[in-house]
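Okay, so here's the structure we're looking at.
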2 protein chains.
Amino acid sequence: MRRPLIRKLEKFTRLSRADKEMLVRIAAQRVRRFAAREDIIHEGEKPEFINLINEGWACRYKTLEDGRRQIIAFFLPGDLCDLNVFILKEMDHSIGAITPVSVSEISRAAFDEMMIGHPRITQALWWESLVAAAIQREWTVNLGQRDALERMAHLLCELFIRLDAAGCTSDSSCEFPLTQTELGETLGMSTVHVNRTLQELRASNLIVLKDRTLTIPNLQALQDVALFNPNYLHLDREGRHLDANEE
Amino acid sequence: MRRPLIRKLEKFTRLSRADKEMLVRIAAQRVRRFAAREDIIHEGEKPEFINLINEGWACRYKTLEDGRRQIIAFFLPGDLCDLNVFILKEMDHSIGAITPVSVSEISRAAFDEMMIGHPRITQALWWESLVAAAIQREWTVNLGQRDALERMAHLLCELFIRLDAAGCTSDSSCEFPLTQTELGETLGMSTVHVNRTLQELRASNLIVLKDRTLTIPNLQALQDVALFNPNYLHLDREGRHLDANEE
DNA sequence: GAAGCGACCTTACCTATGTTAATGTCGGAC
DNA sequence: GTCCGACATTAACATAGGTAAGGTCGCTTC
């Protein structure tokens with residue numbers, strides 16, 4: 001359950017002992033904790049570090065002048081915020097904690113060190129950032145083409161599979177800390193409609209969601225209603241199946 | 001009007017003569033042309049090259065099983081497809097030409113060569129890819145929070161400003177080859193509603209759109225209805241204004 | 001233990017946007 | 001000059017999803 005980043009990167013490539021030690025060392029350097037709803041970094045600030053989420057859930061979000069808020073991405077354990085952000089002069093969005101989180105700050109120097117001596121890690125981090133981009137694209141498809149039910153189902157599939165890759169599921173269940181308001185801000189729908197939609201998924205026995213725990217009794221069935229195709233997560237190293245689960 | 005990539009990168013940093021020669025050389029290596037509507041690369045294929053758009057418009061898109069199509073991004077002259085895509089085993093989406101396009105294919109070797117000897121270029125390409133990610137995020141906000149009119153206005157502002165950065169505008173006009181169907185596939189709305197929305201923008205004198213030419217008489221006014229904030233494009237090198245136009 | 005609060009659920013009503021389908025316009029092929 | 005296909009436009013009608021309002025439950029606070 002520890003070291004979700006390593007666990008995730010190994011979905012892409014094998015890492016040597018030295019690679020893993022490097023990652024552990026980097027992640028231990030500057031650790032910060034944030035309370036739920038606290039901002040990790042705010043729009044307009046100068047980014048100085050790459051953030052790595054060790055524990056808890058966070059999100060990117062953006063607020064329009066008139067107060068509407070959109071959640072743009074979720075960061076789960078093992079997720080990195082943006083490689084090389086420090087190139088930009090200021091953040092164009094904020095990153096906030098959803099649950100209490102533990103975050104490692106990676107400095108420019110530490111990052112460069114890692115990129116130079118460890119080609120395996122470099123490759124793996126490139127992969128992780130290409131996947132993050134693919135996820136963002138899929139969200140565009142989700143918001144543009146799918147209706148409320150499909151959209152919700154799609155999000156739940158994605159989160160579940162990503163959590164699984166980070167080693168944060170057990171059987172068909174995972175922690176699920178999002179409120180209906182946050183789901184609405186993510187999927188571009190009102191809380192009322194989020195509620196209706198969740199009811200509908202529950203009524204079809206596609207999900208059980210209670211006490212911050214999500215259970216998906218039949219993932220394939222949920223994927224079917226979502227028109228969910230996991231290829232964009234680029235998780236299979238050798239074309240093997242997700243649940244081959246060989247560690 | 002030539003070399004839109006160089007023009008765009010110089011929005012971020014000054015490039016030396018050697019840097020520019022390098023970019024010109026790379027772009028001249030393998031040039032391909034595609035007709036309008038032809039695919040440059042298709043979902044499922046193995047990516048071998050980074051594509052650079054020299055001329056014309058292209059788009060990323062994804063098609064759901066049931067035929068719904070979402071345009072995920074536009075590539076304008078000077079845009080690069082994905083740095084380092086070749087790490088991935090297969091494309092999770094397609095890239096298609098909208099108009100006839102000229103594309104330079106950049107091989108892994110050429111890319112590595114560029115990244116090693118030219119730190120300025122490396123930085124600039126990182127910047128370009130961070131901006132591309134920011135654009136994708138903004139599209140998420142656009143689809144999630146803005147209504148049809150705002151959404152359309154936002155897209156038009158973005159495209160105009162990006163074209164301007166690549167040197168593809170004159171005064172307040174630019175070529176605009178998108179059909180209403182394509183606009184609908186981009187903004188997640190029906191063609192009928194695209195049409196209504198364009199009429200409304202025309203009636204308010206916010207745009208003139210005719211014969212594949214878009215004119216925005218008052219960009220600020222259009223930005224206002226779109227709740228458009230250009231910060232996500234990260235275009236001002238020294239906090240100077242977009243139209244300082246010092247070349 | 002009363003008051004306050006945040007998550008959640010529900011209902012009734014309303015509207016932005018989708019659907020379908022008919023019609024118009026224009027440029028190119030022959 | 002006629003025909004055709006791609007695109008734009010319009011109208012009439014249908015619906016997914018938004019808005020407003022209110023209610024329940026459990027937790028915290030003092």
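Everything quoted here is computed from the prediction, not taken from an experiment. Side chains included, hydrogens not; waters and symmetry mates left out as well; all remaining heavy atoms used.
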So with a 6.0 Å cut-off around CD of B/Gln220, is the heavy-atom count from everything else above 12? yes
Could you pull out all donor-acceptor pairs under 3.5 Å where a side-chain atom in residues 128-136 of chain B meets a protein atom, sequence neighbours excluded?
{"unit_1": "B/Glu128", "atom_1": "OE1", "unit_2": "B/Lys8", "atom_2": "NZ", "d": "2.3"}
{"unit_1": "B/Ser129", "atom_1": "OG", "unit_2": "B/Trp126", "atom_2": "O", "d": "3.4"}
{"unit_1": "B/Gln136", "atom_1": "NE2", "unit_2": "A/Thr140", "atom_2": "OG1", "d": "2.9"}
{"unit_1": "B/Gln136", "atom_1": "NE2", "unit_2": "B/Ile72", "atom_2": "O", "d": "3.0"}

How about B/Gln223 and B/Asn229: does a side-chain donor come under 3.5 Å of a side-chain acceptor? no
Using a distance-only test with no angle check, is there a side-chain donor-acceptor pair under 3.5 angstrom linking B/Glu138 and B/His154? yes
Which letters describe nucleotides 5-21 of chain D, given B = protein heavy atom under 4.0 Å from base, S = only from sugar-phosphate, - = neither? --SSBBBB----BBBB-
Whole angstrom value for the distance that separates P of C/dA16 from CG of B/Leu187: 18 Å
A/Tyr232 ring center within less than 6.0 Å of A/Trp139 ring center: no
